[in-house]
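Residue numbering restarts at 1 for every chain, and letters A, B, ... go by the order of the sequence lines.
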2 protein chains.
Amino acid sequence: MNIHLVIKALANPTRVAILNGLKNPAAHFPPQDEGDIAVDGVCVSSIQEGIGLSQSTTSSYLELLQRAGLVKVTRRGRWTYYKRDEDGISQFAEAVKQQL
Amino acid sequence: MNIHLVIKALANPTRVAILNGLKNPAAHFPPQDEGDIAVDGVCVSSIQEGIGLSQSTTSSYLELLQRAGLVKVTRRGRWTYYKRDEDGISQFAEAVKQQL
DNA sequence: TCTACATATCGGAATATCTAGATTTGTCAA
DNA sequence: TTGACAAATCTAGATATTCCGATATGTAGA
């Protein structure tokens, strides 16, 4: 849990919007061809479309959120699915409460 | 409580170090000529010396922390004293826990 | 193998942040 | 009212972030 890495990831409103959208994926992102949005997570292109960013930016933002421990990734075939990492998020919230 | 403003303020390790140093000012900053360090807070020049920044940077970082609601300011004569705003800090910790 | 498609990586322009030195402002005391 | 000092503001160069388009990589099916 690198708290500084997490804070930098959260310092961008678009990345926070992605994290927020993933609370209720079906409501925020268009349906995807394969993979259950609730079980597997949301694929990059669906997040891209929902959030309105370029494909490259979407991909790197998601990697950044993942390195910060805020989302979890599952790769299957051509698709990469992202979902919130609730454990990581709680750990961060706790670290803020304890250390700040 | 502008959560984005707070996160941006915390996105800089030096500002976090200031906030952290203010938990125990007497241990982290040199004594000041006037004003009780525990009651009034710590003056800008003492923080500057303790943290090792230029005067101008110290002053603007403190203003930024104050606008974010993380520190409180008291001006008396030539001196400006800063201390942690524990209410603001708790509010932020709670907002992270609830909203993130 | 060839093609199509999802994602990742690269390169770069625009913008923001960091931080210092120089200058200005405000306050006190002589 | 002048001098000294604390803090704030201004200016600017170095570095980091934002975000895109172009290209590369990996996988599945024909």
For B/Tyr81, answer base if it contacts any base atom (sugar-phosphate contacts may also be present), sugar-phosphate if it contacts only those atoms, and nothing otherwise; contact means non-hydrogen atoms under 4.0 Å. nothing
Checking all strands, does A/Thr80 fall into the base, sugar-phosphate, or nothing category for heavy-atom contacts under 4.0 angstrom? sugar-phosphate
Which Ile, Leu, Val, Met, Phe, Trp or Tyr residues join B/Trp79 in one cluster when any pair of side-chain heavy atoms under 4.5 Å counts as a link? B/Tyr81
For DNA chain C, what residues of residues 63-75 of chain A have any heavy atom nearer than 4.0 Å? A/Glu63, A/Arg75
Listed in order of residue number, which residues of residues 47-58 of chain B have a non-hydrogen atom at under 4.0 Å from DNA chain C? B/Leu53, B/Ser54, B/Ser56, B/Thr57
Side chain to side chain, [X] and [Y], heavy atoms closer than 4.5 Å:
X	Y	answer
B/Ile3	B/Met1	yes
A/Leu100	B/Leu10	yes
A/Tyr61	A/Ile47	no
B/Thr58	B/Leu62	yes

By side-chain hydrogen bond (donor to acceptor under 3.5 Å, both in side chains), B/Ser56 pairs with (sequence neighbours left out) B/Ser54
If only atom types and distance count, is the side chain of A/Gln32 paired as donor or acceptor with the main-chain N or O of A/Gly41 below 3.5 Å? yes
Side-chain (A/Thr80) to main-chain (A/Arg75) donor-acceptor, under 3.5 angstrom: no
Where along [range] does a heavy atom come under 4.0 Å from DNA chain D, residue by residue in number order?
range	answer
residues 14-32 of chain B	none
residues 2-13 of chain B	none
residues 37-45 of chain B	B/Cys43, B/Val44, B/Ser45

For B/Glu49, enumerate each residue passing the salt bridge (charged side-chain N to carboxylate O under 4.0 Å, His left out) test, keeping only those at least two apart in sequence or located in another chain. none
Just jot down the salt bridge (charged side-chain N to carboxylate O under 4.0 Å, His left out) partners of A/Glu86, sequence neighbours excluded, or say none. A/Arg84
Spatial distance of atom [atom1] ([X]) from atom [atom2] ([Y]) [nearest 0.5 Å]:
X	Y	atom1	atom2	result
A/Arg78	A/Cys43	CZ	SG	11.5 Å
B/Leu5	B/Leu70	CG	CG	8.5 Å
B/Asp33	B/Ser45	CG	OG	8.0 Å

For chain B, the stretch of DNA chain D it reaches, first to last nucleotide, under 4.0 Å of its heavy atoms: D/dC5 to D/dT9
Which pair of heavy atoms, one from [X] and one from [Y], lies closest together, and at what distance?
X	Y	answer
A/Ser46	A/Phe29	OG-CB, 3.4 Å
B/Asp36	B/Asp40	N-OD2, 2.6 Å
B/Ala11	A/Ala11	CB-CB, 4.4 Å

note: A/Tyr61, atom OH; C/dT9, atom C1'; distance rounded to Å ~ 16 Å
Greater than 12 external heavy atoms within 6.0 Å of A/Lys97's NZ: no
Quick check on the hydrophobic clustering: are A/Ile51 and A/Ile37 connected, directly or via other members, by side-chain heavy-atom contacts under 4.5 Å? yes
Give the cluster check for B/Ile89 versus B/Val73: same hydrophobic cluster or not, with ILVMFWY residues linked at side-chain heavy-atom distances below 4.5 Å. yes
Return a single string for nucleotides 25-30 of chain C, one symbol per nucleotide in 5' to 3' order, where B is base contact, S is sugar-phosphate-only contact and - is none, cutoff 4.0 angstrom on heavy atoms. -BBS--
Considering only distance and modelled atom types, tabulate donor-acceptor pairs under 3.5 Å from the side chains of residues 13-27 of chain A, sequence neighbours left out.
from, atom 1, to, atom 2, distance (Å)
A/Arg15, NE, A/Ala9, O, 2.8
A/Arg15, NH2, A/Lys8, O, 3.1
A/Asn20, OD1, A/Lys23, NZ, 3.1
A/Lys23, NZ, B/Gln99, O, 2.7

